[in-house]
Amino acid sequence: FLNAGNPYTEDGSIDFDICFMNDIAVANSSLLREYTFVDYRVRTLMMTVKQWAKEYKINSAKDNFISSYTWMNLVIFYLQCIGFLPNLQSR
């Protein structure tokens with residue numbers, strides 16, 4: 001995407017995921033992206049929660065915590081529960 005954010009972290013490393021032949025993962029990521037188009041504050045909240053989880057080191061499935069992707073889903077779920085976001089999958 002031409003409008004993608006800078007993937008470099010402050011220490012110069014790059015954070016990214018690689019997905020081969022996994023259409024479901026691609027669809028799930030696309031759905032998260034679609035929710036950010038509903039309101040700019042959705043992306044802001046998602047990134048804030050992601051950063052918070054990273055700072056407290058509670059965003060790693062390999063360390064028996066929930067993943068960053070799961071945190072993003074929890075944000076979407078919360079915003080749907082309070083009526084801020086629609087269910088885009090029901091369309």
Side-chain angles (χ1 to χ4, degrees):
F1 296 108
L2 295 176
N3 297 326
N6 183 356
Y8 293 97
T9 60
E10 290 179 12
D11 66 358
S13 63
I14 300 175
D15 289 334
F16 62 92
D17 293 328
I18 297 177
C19 179
F20 293 102
M21 306 293 288
N22 189 345
D23 294 338
I24 293 173
V26 172
N28 289 343
S29 294
S30 295
L31 184 59
L32 286 180
R33 186 169 181 261
E34 289 299 316
Y35 278 112
T36 65
F37 294 148
V38 173
D39 189 293
Y40 74 94
R41 295 172 292 183
V42 173
R43 184 178 190 280
T44 302
L45 181 58
M46 290 171 76
M47 298 309 291
T48 301
V49 169
K50 186 174 181 177
Q51 184 62 36
W52 170 82
K54 184 177 181 179
E55 285 179 18
Y56 284 91
K57 297 180 174 52
I58 55 172
N59 66 334
S60 173
K62 70 177 179 157
D63 295 326
N64 294 322
F65 295 104
I66 60 176
S67 67
S68 292
Y69 174 75
T70 305
W71 282 110
M72 298 305 94
N73 280 299
L74 287 171
V75 169
I76 298 299
F77 177 69
Y78 170 73
L79 293 174
Q80 288 174 334
C81 286
I82 64 170
F84 188 79
L85 282 179
N87 180 352
L88 296 180
Q89 290 177 302
S90 66
R91 292 181 177 181

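Positions are given from 1 along the sequence. None of these values were measured; they are calculated from a predicted model.
Remark: Leu45 engages Val49, Val75, Leu79 in a side-chain contact (heavy atoms from CB on, under 4.5 Å) (not counting sequence neighbours). Listed by chain and number, the residues in a side-chain hydrogen bond (donor to acceptor under 3.5 Å, both in side chains) with Ser67 are Thr70 (sequence neighbours excluded). Applying the side-chain contact (heavy atoms from CB on, under 4.5 Å) rule to Glu34 yields the partners Phe37, Leu88; only residues at least two apart in sequence or on another chain are considered. Legend: residues meeting side-chain contact (heavy atoms from CB on, under 4.5 Å) with Asp63, ordered by chain and number and at least two apart, are Ser60, Phe65. In this view, Tyr56 and Trp52 satisfy the ring-ring contact (aromatic ring centres under 6.0 Å, His included) rule, not counting sequence neighbours. Applying the side-chain contact (heavy atoms from CB on, under 4.5 Å) test to Asn73 and every residue at least two apart in sequence or in another chain returns Leu32, Tyr69.
For the atom pair Thr36 OG1 and Met47 CE, the distance stands at 10.5 Å (nearest 0.5 Å).
Atom CD1 of Ile82 has more than 12 neighbouring heavy atoms from other residues, nucleotides or ligands inside a 6.0 Å radius. Around the OH atom of Tyr78, the shell of radius 6.0 Å holds no more than 12 heavy atoms that belong to other residues, nucleotides or ligands.
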Legend entry - Candidate pair Lys50 and Met46, rule side-chain contact (heavy atoms from CB on, under 4.5 Å), full reasoning: CA-CA 6 Å; Lys50 186 174 181 177; Met46 290 171 76; over 6 Å; no
Inset, instruction - Show the numbers, then the answer: is there a side-chain contact (heavy atoms from CB on, under 4.5 Å) between Met72 and Tyr35? - result: CA-CA 10 Å; Met72 298 305 94; Tyr35 278 112; over 6 Å; no
Legend entry - Trace of the side-chain contact (heavy atoms from CB on, under 4.5 Å) decision for Ile66 with Leu74: CA-CA 10 Å; Ile66 60 176; Leu74 287 171; 3.6 Å; yes
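Between Ile58 and Trp71, some side-chain heavy-atom pair lies under the 4.5 Å cut-off. No side-chain heavy atom of Asp39 sits under 4.5 Å from any side-chain heavy atom of Leu85.
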